[in-house]
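Contents: one structure, followed by commentary.
Worth knowing before you read on, the calculation uses all heavy atoms, side chains too, and leaves out hydrogens, waters and symmetry mates.
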Amino acid sequence: MKKSSRKGFLFYAVLIVCIIVTILAFSFHKTSENANYTVFKSEQTSIFRDISESAMEEAFYRLEQETRNPASPEGLWLISRSSSTRDVSVPLSIQQGQQILRSFWTLDIKATARLVDFRKNDFDGIAYSVDSNEGIGTIEIAVETTAVRIGGKTFKCFLTRHFDYKIMALVSPRNNTIPRIGYSQNFPLDYALLVRYGVDEFNSRNGESLNNSQIHLEINQDDLPAEKRGKVYFGETDTSGSNGGNCIYLNLTEEFRSLIPQISAPQSVLCTNQECLRLYPSIGRAWQAALNKCGGDGDAENYVNSTFSSIKGYFDLAIDPIIRNSYDTEILRLEEEIRNYLAERDSPPEPSISPGMKILSPNLQKIQEAGFAESILEGDVRQRFLYWVNLWLDFSGVGGEYVARMKQIDKRARCILPGPQSDNSDVKTFYAQLPGVDQNKRPRTVVSYLDSQFPYKDCSPLTVENPPLVSPFPKPVFFNPQGARIPVGQIGRDGFRPFRSTTLLARRFPSQDYLANSGIIDWDKGVINIRGGIQSGGIITLGEENRVFKIQGQGIICANGFEIHGSIQKTNPSDLLILLTNNGNIMVRTDQPIEAVLIATGNSKNCAVIPTKSLNLKGALIADVLGTPIWGQGTHRIFYDPMLKRDDTIYEISILQWITFQRMTESIVD
């Protein structure tokens, strides 16, 4: 091969190699550049995503904190279900994000919230309550992160998340003069005292539940206006029947004697000579014996007839309290004797004649105020007092030899039916004839009895002879979740169920330990932090003896039962704690102030609030039974919290932290 040809081949070979190397170098450069850009973009994308997620967390936290106050703009926005989009500030995320990014980037973050939907019905299609603001909704929080590189690209990241939120009405308005028109979860809070099976308990214990010598209950609402007073109702008392049946009574003590109706004048009823002869056959026998001794002497017979026909009697009528401060005179001892007999006739005397509880007020003057009783009592609640009659025989027209015979006849008789057991034929005749004599005196009665026909209020315009036909206190109306009217004692799914919608509860815990771990019960600081509805398994212990626990917030705790030790008080007047058990009791083992609503009702029909010491409750007490026989001895007091009877609704809003939907998109604009 020629030398020139060989050089030409090498030239082209070198040229080809150079071209290949150049291509490879260029490709490597481009690949490296693309790789660097990809790494850079991935790095920036990760940073922008982190910034967006941080902004989302901040937006959620700020919105959740603001809605803790339902009266805040954010709270009202949720309650009213406004269709407007609401801006949420995220200044911390903007500040920290700018520090993370390189200096040639400028950052802007915009967070907004809007309502997606709202469900007023549960899974069965039943409305949570008549309050259309109560239910579960979905809120969307959107974060738009924009980063602009100086002289370069614009990066955008869009992050959207959905969260569920719940609105629960802890307290709702109630006009004290009219009943509710439908189901509200918080309806028991209308009552200072509500005993579902009040009549059954009262009858089964012979009235001991409300008339008890060892247990004294006082409900004090003296300082509250009529529209703020809590109602008092004992279940199934109504206006049917005028004596007995579905009613309860409170024995009147001497301090409340002015409540007793009057006796129409005169207060003494004549027992004629013929009636005396019917009641006292011994008078007739003595009369006949005297005539037999006359031997047909007309003047003597006229004298005898004149003497014995002058015999008459007087039924003395009186009304008095069941309980006197003392029985230290002859007439009072007679009154006590008649009272005890009447009580023993139908039931054990102790429950029947013990002092009655003061369910309206311990203050007589307050009870007598016009409209005071009507603003509080519901159902057939009556007073009980003693109407008693004695027959006194008048032998003043009897003289001479017949005086000694009349002295053998007891001039004082207890007019009671049925009469005492006796082998004496005259005693049997007296009580056998008394109903007939009593019938002759109608409409006045000359037979003693324990009267429970009159409502528990000032009855001074009324008289014993003219009792009211029905109780003046209306029977309340209760609804089940389906909106149907029900009796207060109805059980089951369609029965009496306060705060029945567990789906509206914000949090659930398996036991009390979780309440402490989550900060709801702070034992170290002595604080109960409550917001919305909480459900826990087991029996919850609250407070410690000789220590005050403070309530912070508003909410309800549902559990299998409660034990309260020491004092539990509000931090602020607006704080509210409701304790609810559906299958247990609430044991109050302290005499210190408790500021809470205590609800113990369920399908077992025997849930109760049981104070082992003197109860000092500011709030309300709602239970299946009162259970006073197992209360600690002493005076127990309930002060109704006027916060429970408001003109507006107390809502609790809970935004749940669980994400139900998420979407993230990114874009780069040159």
Side-chain angles (χ1 to χ4, degrees), residues 242-244 263-264 266-292 304-305 307-320 322 330-331 333-349 352-353 384-398 402-453 464-465 467:
S242 59
N243 190 13
I263 293 181
S264 300
Q267 297 181 3
S268 183
V269 177
L270 175 66
C271 182
T272 66
N273 182 259
Q274 289 299 314
E275 290 169 339
C276 288
L277 293 175
R278 289 176 59 184
L279 294 171
Y280 291 92
S282 56
I283 297 177
R285 290 194 298 269
W287 191 343
Q288 186 60 50
L291 288 175
N292 292 338
V304 169
N305 289 333
T307 296
F308 279 92
S309 63
S310 69
I311 296 174
K312 59 183 178 296
Y314 294 95
F315 293 100
D316 287 342
L317 318 177
I319 55 170
D320 286 297
I322 295 290
E330 181 181 357
I331 191 66
R333 283 191 289 271
L334 176 61
E335 174 189 322
E336 182 183 28
E337 180 184 338
I338 292 176
R339 181 204 66 174
N340 289 346
Y341 175 82
L342 292 173
E344 290 171 349
R345 182 182 62 187
D346 295 325
S347 60
S352 296
I353 61 175
R384 188 166 180 251
F385 57 89
L386 172 64
Y387 176 95
W388 61 292
V389 184
N390 282 300
L391 173 59
W392 300 85
L393 295 181
D394 182 2
F395 294 143
S396 60
V398 179
Y402 306 116
V403 173
R405 294 191 179 186
M406 294 302 100
K407 286 183 178 179
Q408 298 174 6
I409 300 175
D410 188 357
K411 294 188 292 185
R412 186 190 69 191
R414 301 174 300 165
C415 296
I416 51 180
L417 288 175
Q421 297 292 325
S422 176
D423 296 330
N424 188 305
S425 61
D426 285 351
V427 172
K428 292 180 179 180
T429 299
F430 178 89
Y431 288 107
Q433 293 296 323
L434 183 60
V437 174
D438 178 61
Q439 192 63 37
N440 292 338
K441 304 302 180 183
R442 296 290 176 165
R444 306 294 291 271
T445 180
V446 294
V447 176
S448 304
Y449 61 91
L450 297 178
D451 197 317
S452 59
Q453 299 183 74
V464 176
E465 299 80 14

Contacts of type side chain to side chain donor-acceptor pair (under 3.5 Å), residue Lys428, not counting sequence neighbours: none

Those residues that, when tested against Thr307, pass side chain to side chain donor-acceptor pair (under 3.5 Å) (two or more places apart): none

Verdict with supporting geometry, Ile311 and Asp394, side-chain contact (heavy atoms from CB on, under 4.5 Å): CA-CA 6 Å; Ile311 296 174; Asp394 182 2; over 6 Å; no

CZ on Phe315 to CG on Asp438, rounded to 0.5 Å: 8.0 Å

Spatial distance of atom CG (Leu391) from atom CG (Leu279) [nearest 0.5 Å]: 6.5 Å

Heavy-atom side-chain proximity of Tyr449 to Asp451 below 4.5 angstrom: yes

Spatial distance of atom CG (Leu317) from atom NZ (Lys441) [nearest 0.5 Å]: 10.5 Å

Close side-chain approach of Val304 and Trp287, heavy atoms under 4.5 Å: yes

Nearest heavy-atom neighbours spanning Arg444 and Gln267: NH2-CA, 4.3 Å

pair Phe430-Arg414: side-chain heavy atoms closer than 4.5 Å: no

Min side-chain heavy-atom separation Cys271-Trp392 under 4.5 Å: no

Leu291 vs Asn305 side-chain heavy atoms within contact, under 4.5 Å: yes

Heavy-atom check, side chain of Leu334 versus side chain of Glu330, under 4.5 Å: no

Under 3.5 Å: donor-acceptor pair, side chain of Arg339, backbone of Trp388: no

Nearest-0.5 Å distance that lies between atom CD in Glu335 and atom CD1 in Ile322: 9.0 Å

Check: Tyr314/Asp316 side-chain N/O donor and acceptor closer than 3.5 Å: no

Flag, side chain of Asp426 to backbone of Pro281, donor-acceptor distance under 3.5 Å: no

Distance-minimising heavy-atom pair for Ser448 and Leu342: O-CD2, 3.9 Å

Exercise: identify the closest heavy-atom pair between Phe308 and Asn273: O-ND2, 2.8 Å

Tyr280 to Ala413 - nearest heavy-atom pair and separation: OH-CB, 3.3 Å

Straight-line distance of Leu386 CG to Ile338 CD1, nearest 0.5 Å: 7.0 Å

Side chain proximity check, Arg278 to Thr429, heavy atoms < 4.5 angstrom: no

Check: Arg384 side chain, Ser352 main-chain N or O, donor-acceptor pair, under 3.5 Å: yes

Side-chain (Tyr387) to main-chain (Thr445) donor-acceptor, under 3.5 angstrom: yes

Ser422 side chain to Asn424 side chain, donor-acceptor N/O pair below 3.5 angstrom: no

Pairwise side-chain contact, Lys312 with Thr272, heavy-atom cut-off 4.5 Å (strictly under): no

Minimum-distance pair of heavy atoms, taken over all atoms of Cys415 and Asn390: SG-C, 4.2 Å

Nearest heavy-atom neighbours spanning Leu277 and Gly284: CD2-N, 3.8 Å

